[in-house]
Every structure is written in structure tokens, then in C-alpha cells.
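Each chain gets a letter, A, B and so on, in the order the sequences are listed, and its residues count up from 1. Quick caveat, the model's predicted, so the values are computed rather than measured.
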Amino acid sequence: MNQRSSPSPKLNTLLQPLLNPQAPVLASTYAPIFQFLTGKNLLKQGQQMHAHMALRGLRPTAFLAAKMVAMYASSGDISSASYIFHATASPSPLLFNSIIRAFSLYKLSEKTIHMYARMHSLSLRGDNFTYPFVLKSVTDLYYVQFGKCIHGSSLKDGLEFDIYVGTSLIDMYVKCGELGDAHKLFDVMPLRDVSSWNTLISGYMRDGVVDLAKELFENMPKKNIVSWTSMISGYTQNGLVDEALRLFDEMLSEDSEVKPNWVTVMSVLPACAHSAALDRGRKIHAFAREKSLDSHPSVQTALMGMYAKCGSLADASWCFNRIKLNDRNLVAWNTMISAYSSHGHGLEAVSTFEDMIRAGLRPDGITFTGLLSGCSHSGLVDVGLKYFDSMSTMYFVEPKHEHYACVIDLLGRTGQLVKAYNLISRMPMLAGASIWGSLLAASRSHRNLEIAELAAKKLFVLEPDNSGNYVVLSNMYAEANMWEEVNHLRALLKSQGVKKNPGCSWIEINGKAHLFLGGDTSHPQYKEIYKLLEELPEKIKAAGYVPDTSFALHDISEEEKVYTLTTHSEKLAIAFGLLNTSPATVLRITKNLRICGDCHTAIKFISKIYGREIIVRDVNRFHHFKDGLCSCGDYW
DNA sequence: TTAGGGTTAG
């Protein structure tokens, strides 16, 4: 054995028989050694034992081969594992199990199923160690029909009472979208354990059937940490972030033996990210640190995502830097690139991408979505186009709809509307609402009515309920004094019963979110808020601000328009923030729509007059206002 | 051996 490693006492005992050259060479000597080396990442030692064995002329039996396959597979050498299997003349069920587990572990799903088929053709029975791995591969490949056959075979093999097989079958049905079959099986299972319940719960959550998941959760006889975590992540994934946070608290307050682990922490963080709850996120970070759950790279990545979405790019990059270079996987790099993009730091997104390539990682589609949107937000046209071209030629990532969307946005923002339109017609897939929406927005800011009409017509079909599209086109018609068209659109809007998507903004103060709708008068402090906002125009007018009423719908008087603008939800939230925080506090506002142009101008002035840093997250990106300027450079 | 997880344009 390798002298440099310090063999454990147990290994020393196992190695003893090998030190005697007179002793017979037996599989029973080597088997426990390979078993010991399994799962410990000791490939070199394993290879040495394999060589030692070969030198003494021992050919592995099926039993020994099974142990060797397990050792090689667990040490990262799947090709040697496969070689051992194929070199063994008559594989036993144990050896089949070993290779099936190995292939399934490496996501070689086709091979896993092939091995099961071969086992079947040799009339060898599968057992409770065979089926769970075969079913996992069936699930990965979405082979429901085949899965049903496997279900039948497992019954024939007498495994209808086995909890592992039963739970794996439920999981297979759930992940292949057959929830009815999953629940039917669950109902007739003679024995269930907490995993069987958890599998079904996560299945309902995955399908968005939150009520049934909740009912199961409440009725299950015993809950473990996976049950709680499944519910928390299920709530988050279904947009019920308050429920997720509430359940996390409930779990902590319950005086049970259930202790959150790193997966739990990772599952609750997106809830903070979603609702921009920075204080809450920081508290969870502190909790994770206290319980030593923060060192896992995936937790650091989830923290990065949370900080980036809550407006703190500095904290996000701090977390990124804490992940050791070797531990930075694709998701971590992607998260950092997207964080820079959404905050308008296109150049940093580009340099992070280059660092990632130098670190030897292969980018995927998500990497390019982040990179290209970063170029778009920062106006890096040539750089963005260059990366778009390199996607398939250098990195073998086929551009998908979202990548075209980024590039069309990139061209549109810089006023290259015809080029953008031509690219749409050359796309290998049909352009969806995001692409036409981006082109419409670009046509509006570059005042190109012809292309706006083209884009809007597509949008009226693709998303007839989105009132924003009607408003943009109607305003453009009004600016061009095309009143007949304005009336026509208004009639269309009415006849289709389209409701305006209400704008809302919220601000977090001392961990509590305060939500405002446009024109909201329901807040207890609304009188003070409106007073401040009414005084505001005079104050900021003195500094040079002119209200831009083109962002209000053109069917009301000029004064009314100014008033509508004054009461936009983001302005209400900012006014509330100014009234309720100390002068040095950064105001962090989140808006459910895109920030309007007039608010953008007004907030720049507010940041100067009040000497406040204001960070606004809209649906697309972040705007950092400071000293009369915005980080987007008015380029959005 | 089965169950829970982080990144994505507009």
C-alpha cells in the first residue's frame, strides 16, 4: 500500500494476510479490503490492491468483482468498474446490482436499463437493491411505459411489500407526471415509512397541488427534516414565499428533534430572494453561520442569489469569493454572472465569464443568458454579439429562445430596430412574447411607430390580457396625434375585458415589508405620504425636473396625468421610506413591473435632494440611485 | 438502496 497514506488500524488488520507470501490467495482476503476502500475516494489504493491481486494470479469471482465494481464506481472510475463487470464470465445478481448502482449513480440511465434487461434475460431476479436504481434511470429518461412494466416485474419478483421499491415506484410515477398512479400505489402500500409520505408530498408540490401536499404533511404520522424541507421548498417554488418563511419559523420553534440542515437553509433562501427581504435573509445567514451550515458551496451559492436579488451586490460577491476556487461549480459562476448583469455591471459579468473559462468550466445556456443580458443592460453591443456568435462555434451551446431575446433586446435598446426585426425573422424558432415585448419597448423609446405596430400586433395575439402592450401603442399613437387609432385601441381594450395589471411596490423596513399600490390611500400614514409627494414636484422642479407625462395613459387632462404620476407605487414606497428611516439609511424598493420613465427621473432628483441612496429592483433589473444619477446610466 | 436543493431574458 501507499506508504504516504496512513492506513487505519482496521485496514492494517485486513492487509495482514497479504504480508505472508505462503498464505493462499483467496477472494475472501481481498473482498473486505475492496469493501473498506469503497466510498472513501481511495482510488490509488484500490488500483494497487487490484494489481497485487492480478500479480498473484487471482481472477475475481463474481462476488469479488461486485466489490471491485463498487470500489471503482465510488472512486470516480466508472470505466474500470464497467471493465471488471464485462470481464466476469457469469455475473451474479450481486454483481448486476453493483453495476446497476454504478451506472445509475453516473446518470448512465440507458446503460442501467440495459443491464437490468440483461439480468432479466438471464432469468435472474431483481431484489430491493436492484429496483430503486433501475427506477431512478427510468425516471431520468421519462420512460413511463417501461416504468409500468418494471412495476409489474417487481410484483412478480415478490417485492410488493418492500418500502424501498414502493417508494421508488411512487417517485417514478410522480416525476413522470402520473400523480394519480402515484397516489393509488401509496394508498395500497401495505407498509409506508416517512420517505413514502415525503415522496408523495414533493410530487404534489412539484405539480403545484399545494393543498394536497399540505394535507399529507399535516396528516403524516411522523415528520423528519426532509418533510419540512420539502414543504418549505415546495411553497417557495409555488410562489408562496410567506408560507415558506412561516413554516421555517414554525420548524425552528417546534421543540422537536428535527434540526435544519444545509438543504433546509438553501431551500428557504429563495423565499427571501423572491420578496427582496434583505433583513430576513441576513438573519437566516447569521443562523446558518451559527449552526455551521454556511460552509457548503451550495449554501454560499443560495446566499449569493439571495443577496443579489435583495439588492446587495457587495454581499453576493463576498459570498462568491468565500467559495474555494475548486468548489466553484457552474451554478456558482452562473449566479455571480447573473448578479453582475442584473445590477448593470456588464463589464464585471464579462470578466467573471472569462475567469470561469480560465478556471476550466464549460458554460451552459444559463451562463449565456446571464452574460448576454449583462451586455444588453450595459450597452455592450459588439461584445454581446461576439459572445452570441461564439456560443455554438466555441462552446457548443445552441442558442435558444432566451438567447435570441437577449440579443434582440441588445440591438433594440441601441436603436438598431430593423436589425433586431431581421434577426427575429431569421430565428430557427417562433418568437414569443418576451421578444416582441422587448422590441415594442425599444420601438417606444426610439419612437419607431412602424415596428411598434408590428410588435404590438403579435403581442395582442400572444398575450391578449397584458394591458401594458395596449397602453404603449396607444400612447405612441397619441404622440403622433393619431386619435382614431387611439380610440380604436381603447375600444379593443374594453371589448376584450382587459384589466390593467396593477403596479405595486414594497419597501422593507426593520424586517417588515410595506406594500403600496398605485394611488393607494389605504395606508395608515397615507396623509403624510401624500403631503410629502405633493411638495415634492416643487422641490425637484427647482432642481430642474419636468414631469414626463408620456408615461401616463393619454385619456386624461394634463393635471390629472401629473397627479397619476405622483402617486405611482414606487414613489409612495419611497416617500414612506423617507418618512420612516434615518437619513443615512439606504432605501430598497421592489416593484412588480418595470419602473416608469418619469419615476426614474424623479428618483434621481430625490436621491440628490435628500442625499439618499435608493435601490430599486424592477422586474428586469436593479437601479442604484445616488447623487442624482442612476447606475443604469439611463440606459434601460 | 428510497424522499428535500442553489443559477435563467423581458
Side-chain angles (χ1 to χ4, degrees), chain A residues 97 100-101 104-105 127-136 162-172 174-175 192-203 205-206 224-234 236-237 260-270 273 296-306 308-309 319 329-339 341-342 364-374 376-377 400-410 412-413 432-442 466 468 593-594 618-621 636:
Chain A
N97 280 353
I100 282 172
R101 178 172 191 264
S104 149
L105 208 71
D127 64 12
N128 55 334
F129 281 81
T130 320
Y131 283 100
F133 297 107
V134 176
L135 286 164
K136 202 169 218 166
D162 189 87
I163 289 184
Y164 287 97
V165 176
T167 303
S168 301
L169 279 165
I170 293 178
D171 191 54
M172 183 272 295
V174 153
K175 291 191 179 141
R192 299 174 204 149
D193 65 3
V194 63
S195 301
S196 328
W197 287 82
N198 290 345
T199 306
L200 198 58
I201 286 176
S202 75
M205 279 300 198
R206 184 186 301 266
N224 64 10
I225 187 59
V226 178
S227 326
W228 288 91
T229 307
S230 304
M231 285 300 290
I232 291 169
S233 71
T236 309
Q237 279 156 17
N261 56 25
W262 65 271
V263 185
T264 320
V265 171
M266 201 175 62
S267 307
V268 72
L269 286 169
H296 199 290
S298 300
V299 173
Q300 287 295 336
T301 306
L303 284 166
M304 281 165 63
M306 180 277 290
K309 289 231 165 87
C319 291
N329 62 14
L330 184 62
V331 180
W333 285 98
N334 284 353
T335 307
M336 198 61 236
I337 292 170
S338 303
S341 312
S342 63
D364 68 355
I366 294 173
T367 318
F368 282 102
T369 311
L371 181 64
L372 294 172
S373 73
S376 173
H377 289 315
K400 291 204 293 196
H401 188 272
E402 57 266 36
H403 304 112
Y404 280 95
C406 293
V407 176
I408 284 151
D409 193 57
L410 178 75
R413 281 173 203 266
S434 60
I435 286 184
W436 292 114
S438 145
L439 191 66
L440 177 63
N466 185 341
L593 306 171
R594 228 174 110 159
D618 72 6
V619 269
N620 289 346
R621 58 169 296 161
W636 52 283

message: Using a 4.0 Å cut-off to any heavy atom of chain A, which nucleotides of DNA chain B are the first and last in contact, reading 5' to 3'?
response: dT1(B) to dG10(B)
query: Sequence neighbours excluded, which residues qualify as salt bridge (charged side-chain N to carboxylate O under 4.0 Å, His left out) partners of K175(A)?
result: D171(A)
task: Please list, chain by chain and in numerical order, all residues satisfying side chain to side chain donor-acceptor pair (under 3.5 Å) with S233(A), sequence neighbours excluded.
output: none
- request: Using a 4.0 Å heavy-atom cut-off across all strands, classify T199(A) as base, sugar-phosphate, or nothing.
  value: sugar-phosphate
With sequence neighbours excluded, residues passing side-chain contact (heavy atoms from CB on, under 4.5 Å) with S342(A): F622(A)
message: Over all strands shown, is N128(A) touching base, sugar-phosphate only, or nothing at heavy-atom distances under 4.0 angstrom?
response: base
task: Quick one: label S230(A) by what it contacts on the DNA or RNA (base, sugar-phosphate, nothing), any heavy atom closer than 4.0 Å.
output: sugar-phosphate
message: Over all strands shown, is S298(A) touching base, sugar-phosphate only, or nothing at heavy-atom distances under 4.0 angstrom?
response: base
- prompt: For G374(A), does its backbone N or O pair with a side-chain atom of H377(A) as donor and acceptor, under 3.5 Å?
  reply: no
query: Can you name the side chain to side chain donor-acceptor pair (under 3.5 Å) partners of S104(A), sequence neighbours left out?
result: none
- prompt: Base, sugar-phosphate, or nothing for N97(A), non-hydrogen atoms under 4.0 angstrom?
  reply: nothing
query: Just checking T335(A): base, sugar-phosphate only, or nothing, at a heavy-atom cut-off of under 4.0 Å?
result: sugar-phosphate
query: Contact class for N329(A) (heavy atom, under 4.0 Å): base, sugar-phosphate, or nothing?
result: base
- prompt: What nucleic acid atoms does Y404(A) come within less than 4.0 Å of, heavy atoms only: base, sugar-phosphate, or nothing?
  reply: nothing
message: Mind checking if N620(A) touches a base, just sugar-phosphate, or nothing, with heavy atoms under 4.0 Å?
response: base
message: Need one value for N261(A): base, sugar-phosphate or nothing, where a base atom within 4.0 Å counts as base even if backbone is also close, heavy atoms only.
response: base
task: Would you mind classifying the nucleic acid contact of K400(A) as base, sugar-phosphate or nothing, using non-hydrogen atoms under 4.0 angstrom?
output: nothing
statement: Here the gap from I408(A) atom CD1 to L439(A) atom CG, rounded to the nearest 0.5 Å, amounts to 7.5 Å
- prompt: Just checking R206(A): base, sugar-phosphate only, or nothing, at a heavy-atom cut-off of under 4.0 Å?
  reply: sugar-phosphate
- request: With sequence neighbours excluded, tell me which residues meet side-chain contact (heavy atoms from CB on, under 4.5 Å) with N466(A).
  value: E463(A), N469(A)
message: So W197(A), base contact, sugar-phosphate only, or nothing? Heavy-atom distance under 4.0 Å.
response: nothing
